[in-house]
Amino acid sequence: MAQELSTKYNPVEVEDKWYSHWMKYGFFKSSPNPSKEPYTIVIPPPNVTGVLHMGHMLNNTIQDVLIRRARMKGFEALWVPGTDHASIATEAKVVAMLKEKGLSKKEIGREKFLEHAWEWKEKYGGIILEQLKKLGASCDWDRTRFTLEESLSEAVIDVFVDLYEKGMIYRGIRMVNWDPEGKTAISDDEVVYKDVNSKLYFVNYKIEGEDREVTIATTRPETILGDTAVCINPNDERYRDLKGKKVIVPIANRSVPIIEDEYVSMEFGTGCLKVTPAHDINDYELGQKHQLESIEIFNDDGTLNKYGLHYENEDRFVVRKKLAKELESLGQLAKIEEYQNSVGFSERTDAVIEPKLSMQWFLKMDEITKPAYENVMNDTIKLIPPKFKNMYRHWMENVRDWCISRQLWWGHRIPAWYINGSEFVIAKNEDEALSKARQKTGNAGLQKGDLKQDEDVLDTWFSSWLWPMSVFDGFKDPDNEDINYYYPTNTLVTAPEILFFWVARMIIAGYEYRGKKPFNEVYLTGIVRDKQGRKMSKSLGNSPEPLELIKKYGADGVRVGMLLSSPAGNDLLFDIKLCEQGRNFNNKIWNAFRLVKGWNVDSQKENKNQTAIDWFENCFLQSLSQLEDHFSKYRMSDALMTVYKLVWDDFCSWYLEMVKPSYGDSIDEITYNATLNFFDKLVRILHPFTPFISEEIWSQLKERDEKDCLIVAKWPEIKAFDSETIDQAEKIFDVISAIRNFRNEKQISPKTALKLNIETKDKAVYDNFGEILIKLANIESLVFNETSGDSDYALIVKQDKLHIPIDQSIDVEEEQKKLKEELEYTKGFLNSVSKKLSNERFVSNAPEQVVAKEKQKQKDAEERIVVIEKQLKSLQ
RNA sequence: GGGCGCUUAGCUCAGUUGGUUCAGAGCACUUGGUUUACACCCAAGGGGUCGGGGGUUCGAAUCCCUCAGCGCCCACCA
């Protein structure tokens, strides 16, 4: 009964009710089922530190739409949830928490620190997953995994050992960002670049054995003490005569070679570069290339070491000034220029970052990346949208070895054990390490205490790259039922910013360890931005709180809002209005349902709505095909819009208006059942987008068993449809709109019934849809091709003329003017079509279909012109 | 600096291999509406020389060249 159903849909209760119901009956659960094809998604594991933000909302809505649809299409659908331990982010949070308690990492030591970290993880680590439930995420929660849990950690260590044994992991020198204040290496992400005003010092270096000098420009004169070469561009004419010579490093008085490399820009400074391999990444590479010595001149705290000579133990910036003075007094400072450049600062301590050489672990990327490269290029793995293929290729072609060690504690500790400093063994655990160490050294007396495990942990991505395999225990037990059934997964939904960090590496690992791709398709979402296009961030305060949104608009409303305008790979400019639109849509459906539930059925009554029923049936099938097409191309917004228009326009605005009994009247049984049947189909295709309201309506369509839920109902079957019926309806809709517009213009109330006399050559349309026309345009008498009074108003729709006699006197001039404009336009149109058709090259070159259609256009236009001219004449 | 991409209605975007009413959709906007499903609504309507210029073609939003503006990724210039 109508009064039982509120006029406004209230999602809060409904959503909680259904989520528990689905959980209760285990509809999200999946296990290998040989009689069904699997459809698998592994969630991009959110950081344990994470709190649900709008990016998650978009990302997980898309995944849920895909998984729910797959479930309904009869796949064994599995969505595996989990979280990522996120070394850097989590460690930073824990450090901050300790700081509040007045503790520091160093004081409490590794073990205690990790205790705190785990405690923190237990407390906050699950929040984000709980939040996802509010969104309606239909993950198999029993399968929730965590990248630092025991089984997944074992996988990481196994892989490390394996790759090492294959000779793909090595130790090497790398430049890290050193924070002299915090005395720690920090990641690239934690470096903040700022434009600062600095100085460019022009220093004269003496050429060995000659009375000449060469001038070099530098922003960091203190690093002169670490110079091991001077570099010029081999094409630089100015320095041709310097080739092969040596220069004397000022103050240090060291003789270093002049090397040549095209890396040096001839335009910058003097075109002559000092090379300090230990303190500049580019210089380091030059040093590698030209086999230069590398002299480190700094201590960990940013003071100079013994290579600083008389500046030993003084701070780098103090030395910079003093050294400049000394150079000046030596007459070796040519000039100082003001200069603006970008300098890296530590995000945490705001200290200027010092590039520092350090020993790190690397994974060789040249060989291992090959299948990952090829199989994306040949579309074995599809990137959506495909434009990302180019980016992927560029990265793969320029890939560098992957530095996999991080100077942190929260993470997978590198399974390397050092014996007396430099010698080491790689082993799965300490016991194994000990036996390997004994073997390696030949010293059977070695004890565990003689071994020291590497202090560093592995890059977080070194665990997440195994995710699609490790969640199914594909390492611990490589031939288990789960991994054999679910792997490769179907679709990965993630952000383009981690295409290289994560996606590419998962592909690499997939081929390396399973010989198979990890997923068939990668759907790359955009970034959720605010209306002004700014990235959403806490500091800007421009990010809405997702749970508040859900409370206000319902999860269904928010889901619709997220999907309304988010083509793959494009950023979504989020506007709260999108959620409003989503909510309104749900309310619309709710009210349509309220209407139908309120109908009184009269089983004696005759069905007069068969045309409407047939039409909507076809209309539905047409939309269903379009929907299928959109989904197959991952056009989520278009898919949703197809359903949106089908429900709002076709079903509510047209179909329900066609069949709706007038007030107090009853409805016949056939129409009633057909309408409920339409609801049944509509909620099925709505379900992936708006799971809650669709389930609620479905449950009210008829008496059902508790387990008979929409979430596991069948997706409607795609069938051919009759486009003739749809075309006819379109024409009738045009006629109805024209009449409504006429009422608007003439200010005739919709309640006032009109007489209508139609001149047409296509009466079949009216034979079928006449009753509908009468009802929706409020016509009291409909006749065809009768002679009309000269003073009648006439509307021209396509090739038909609608005479509508009304009491208002006709404004002949106005009507003539409109008709003449129309005539002009149509003639112009006809002219261009005829021109095309009289062009022999068009007729002979264009496909037959195109020509035929042009001919039809010509014919239609000609007929229309006749109709217009006739009406014009009758007005004279 | 290297690579990639974008520019279509006020906004966000579709527009498949050049060819039907292809210049579209949603929102926004304007006008009218207390029709008993819904004002979170109904009906109707007005908006664009497809960034500028040039070219190829019977035909260009779509292909080519060029200019302008914007964005992203990577490496960051002493």
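So you know, we letter chains A, B, ... as the sequences are listed, proteins then strands, and number each from 1.
Side-chain to base pairing of A:Glu657 with B:A37: one donor and one acceptor N or O lie within less than 3.5 Å of each other. In this model, no side-chain donor or acceptor of A:Arg594 finds a partner on the base of B:C38 within 3.5 Å. Residue side chain A:Lys588 reaches the base of B:C38 through a donor-acceptor N/O pair under 3.5 Å, judged by distance alone.
Residues A:Val647 and A:Leu682 are in side-chain contact: their nearest non-hydrogen atoms beyond the backbone lie under 4.5 Å apart.
Of the possible polar contacts, none joining the A:Asp665 side chain to the A:Pro661 backbone as a donor-acceptor pair under 3.5 Å is found. Checked by atom type and distance alone, the side chain of A:Asp638 never pairs as donor or acceptor with a backbone atom of A:His630 at under 3.5 Å. Without hydrogens or angle criteria, A:Asp236 side chain to A:Ile232 main chain gives no donor-acceptor distance under 3.5 Å.
Between A:Lys8 and B:A39 there is a side-chain polar atom (N or O) within less than 4.0 angstrom of OP1 or OP2. Contact check, A:Asn591 against B:C40: no side-chain N or O comes under 4.0 Å of OP1 or OP2. OP1 or OP2 of B:C27 has at least one side-chain nitrogen or oxygen of A:Tyr644 nearer than 4.0 Å. Phosphate contact (OP1/OP2 of B:A37, side-chain N/O of A:Thr7, threshold under 4.0 Å): absent. Within the 4.0 Å cut-off from OP1 or OP2 of B:U35, not a single side-chain nitrogen or oxygen of A:Arg743 is found. Regarding contacts with the backbone of B:C42, a side-chain N or O of A:Trp648 is found under 4.0 angstrom from either OP1 or OP2. Contact annotation: A:Asn390 reaches the phosphate of B:G5 (side-chain N/O to OP1 or OP2, under 4.0 Å). For A:Asn570 and B:A14, the shortest distance from a side-chain N or O to OP1 or OP2 is below 4.0 Å.
Side-chain atoms of A:Gln622 and A:Ser723 include no donor-acceptor pair closer than 3.5 Å.
Checked against A:Thr276 for a side chain to side chain donor-acceptor pair (under 3.5 Å), the options A:Thr228, A:Asn282, A:Asp227 give a single hit: A:Asp227.
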| query | Once each nucleotide of nucleotides 72-78 of chain B is scored for protein heavy atoms under 4.0 Å, what B/S/- sequence comes out, 5' to 3'? | reply | -S--SBB
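The residue A:Ser653 sits close only to the backbone: its heavy atoms come under 4.0 Å of sugar-phosphate atoms, none of a base. Across all strands, A:Lys836 comes closer than 4.0 Å to no nucleic acid atom at all (heavy-atom distances). Within the 4.0 angstrom heavy-atom criterion, base atoms lie near A:Arg583. Nucleic acid contact for A:Phe585: none, since no nucleic acid atom lies under 4.0 Å from a heavy atom of the residue. Nucleic acid contact for A:Ser737: sugar-phosphate only, since backbone atoms but no base atoms lie under 4.0 Å from a heavy atom of the residue.
In terms of position along RNA chain B, the nucleotide closest to A:Arg393 lies nearer the 5' end than the nucleotide closest to the other residue of the pair A:Leu573 and A:Arg393.
Applying the side chain to side chain donor-acceptor pair (under 3.5 Å) test to pairs two or more places apart or on separate chains, those with a residue in residues 575-584 of chain A are A:Gln581-A:Tyr644.
Taking the six-membered ring where tryptophan is involved, the planes of A:Phe500 and A:Trp395 are essentially parallel, since the angle between them stays under 30° and well short of 60°. A:Tyr9 and A:Trp590 have tilted rings, their planes meeting at an angle from 30° to 60° on a 0 to 90° scale. The aromatic rings of A:Phe651 and A:Tyr655 sit parallel to each other, their planes meeting at less than 30°, with 60° as the upper class boundary.
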| query | When Watson-Crick pairs (N1 to N3 and N6-O4 or O6-N4) and G-U wobble pairs (N1-O2 and O6-N3) count only below 3.5 Å on both distances, what is the dot-bracket string of RNA chain B, with | for other-strand pairs? | reply | (((((((..((((.....[....)))).(((((.......))))).....(((((..]....))))))))))))....
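Shown here, B:G47 is classed syn by the O4'-C1'-N9-C4 or O4'-C1'-N1-C2 angle, which is within 90° of 0.
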